[in-house]
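What follows is one structure encoded as structure tokens, with my remarks underneath.
As the structure is a computational prediction, the values presented were derived from the model and not from experiment. Order of listing sets the numbers, starting from 1, for every ligand and every atom in it.
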Amino acid sequence: MSIAPLNILVMSAEMVPFAKTGGLADVVGALPKALKAQGHDVRVAMPRYGRIDPARFQLETVVPPYPVPMDDRTIPAHIKQAKISSSGGDLPVYMIDNADYYEREGIYMYEDDADRFIFFCRAVLEGMKQLNWQPDVIHCHDWHTAIVPNWLKTIYKHDPFYANTACVYTIHNLAYQGIFGYRVLEIAGVDEYGFIAHPDIPHLNDVVDFMGRGIYYADIINTVSPTYASEILSPEFGEGLDPLLCDRRDRLYGVLNGIDTELYNPATDTYIAAQYTSTTLEKKLTCKLALQQEAGLRMSPSTAVIGVISRLADMKGFDLIEQAAEPLLRYHDVQLIVLGTGDQRHHDRMNELHARFPHQVATVLTFNAELAHKIYAGSDMFLMPSRIEPCGLGQMIALRYGTIPIVRETGGLADTVRNYEPASGLGNGFSFQPYEAMALYTTLIRALETYRYHDIWRQLVLQAMSADHSWERSAQRYTELYQQAIAARRR
Ligand code: ADP
């Protein structure tokens with residue numbers, strides 16, 4: 001079915017390559033390009049932080065200073081533009097500029113963050129009028145832009161410019177809700193409507209919860225995997241907003257993030273010892289031996305190499321890894337390579353593990369993109385037993401490199417890794433449900449046992465490599481959501 005091209009405005013606090021603190025920036029860096037390639041007119045808006053060098057990114061001023069309503073006055077903004085190239089042509093990135101708000105060292109964690117992002121959002125809505133470019137849909141991401149759906153249903157409700165504009169709101173991280181006091185309502189010009197209320201969420205009656213407002217007002221809400229979209233309806237994952245999400249479940253969806261299939265491609269990856277495809281899998285062994293050598297481990301083709309590439313954080317399941325590693329390393333022919341950085345507690349535990357098993361464990365506790373590629377290519381298995389995982393990229397990258405993921409069935413991990421079934425031969429990895437070290441341990445044993453059968457393992461690797469986690473697929477899904485949002489708005 002061919003789809004009429006839409007005017008899509010993507011609003012975000014972060015975007016690769018301009019400003020990044022997490023996965024949000026990757027999504028906003030990739031999704032608009034894939035949408036553009038599908039023929040839509042896509043434009044992105046973000047703040048022009050001080051760290052974004054105008055010369056390096058060839059920023060051009062496209063809108064001179066114009067007034068932006070804030071509280072009971074106006075503050076000037078102007079818009080600079082960068083261009084991102086995609087296979088569908090260049091797409092503009094509008095950067096809202098105001099020295100007082102954004103000419104600072106960092107991106108977040110300032111006392112006036114609420115003001116900074118309200119200003120950003122208001123400047124974007126007013127700025128589109130200056131540009132006379134009318135979006136069919138505004139795609140907002142995380143709390144920083146959650147006031148937009150609120151405004152479209154309140155102060156912009158009767159504004160002809162936005163009369164037909166729908167709003168999709170994407171939750172990347174429910175843990176950061178953007179919670180502030182009453183004053184923020186005045187700054188945003190929505191004080192006459194007061195707090196939003198929910199009988200089962202007492203705090204919504206006396207604070208401004210931006211994330212809550214985005215969920216409350218958006219035409220369509222989504223998060224970054226189908227399983228996480230259903231998990232957040234429960235108190236365990238809902239971060240206090242599950243009753244509101246339950247009320248809105250008829251418009252809540254999960255769309256898996258994609259991965260950059262050009263950057264992560266074993267056939268062209270220049271970081272790895274030998275490039276390979278599913279028909280030249282013997283070269284994956286060359287990558288494995290090179291990795292073992294670089295990591296200071298014995299070069300042994302038959303020893304299973306398990307890779308871990310992760311933030312060293314509780315949610316990533318490091319306590320399970322720490323408990324299961326001891327019997328695993330003691331009784332099995334296995335090597336563990338850990339690349340990660342994060343909590344000191346986990347750094348210490350990983351260093352202890354290396355000290356206890358120096359011939360079997362290698363730890364690199366820094367951020368190292370090149371080594372990450374080598375681990376994705378050179379490992380036999382990729383371990384990711386997260387407690388919470390909204391989407392997860394590591395397991396999708398591992399699949400692409402034919403490295404078999406071992407994961408806990410949660411969030412995006414449950415949506416991308418199918419547990420191997422010996423009877424049918426189906427599956428692309430190994431997974432377990434209860435968040436218990438014993439469950440992880442027995443799953444590792446299942447994987448190691450399967451690894452001994454070369455033909456079976458090879459088949460598993462081929463099944464893993466056949467997965468399609470490109471952005472094209474996700475962009476298609478987002479286009480459907482945009483249309484649903486437009487239909488909901490019309491209703
Ligand atoms: P999250 O966004 O929660 O950290 P994801 O799995 O979605 O987890 O994404 C993590 C990304 O960061 C993956 O691409 C992974 O390869 C990369 N990564 C994590 N830690 C490191 C590290 N220490 N060095 C290099 N890359 C890393």
request  = Run the numbers on E322 and R349 for salt bridge (charged side-chain N to carboxylate O under 4.0 Å, His left out), then give the verdict.
outcome  = CA-CA 7 Å; E322 286 151 11; R349 298 253 179 90; 2.6 Å; yes
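A perpendicular orientation is assigned to the rings of Y264 and Y376, their planes being inclined by more than 60° (bins at 30° and 60°).
Among residues two or more places apart in sequence or in another chain, the ring-ring contact (aromatic ring centres under 6.0 Å, His included) test is passed with Y102 by none. Under the ring-ring contact (aromatic ring centres under 6.0 Å, His included) criterion, F120 pairs with no residue at all, not counting sequence neighbours.
Note that the CG atom of L365 and the CG atom of L339 stand 8.5 Å from one another [nearest 0.5 Å].
Identified under the salt bridge (Lys or Arg N to Asp or Glu O under 4.0 Å) test for residues 334-347, with sequence neighbours left out: D314-R345.
A heavy-atom cutoff of 4.0 Å around ligand 1 is satisfied by the protein residues Y264, I309, S310, R311, K316, L339, G340, T366, F367, N368, A369, A372, Y376, M384, G392, L393, G394, I397.
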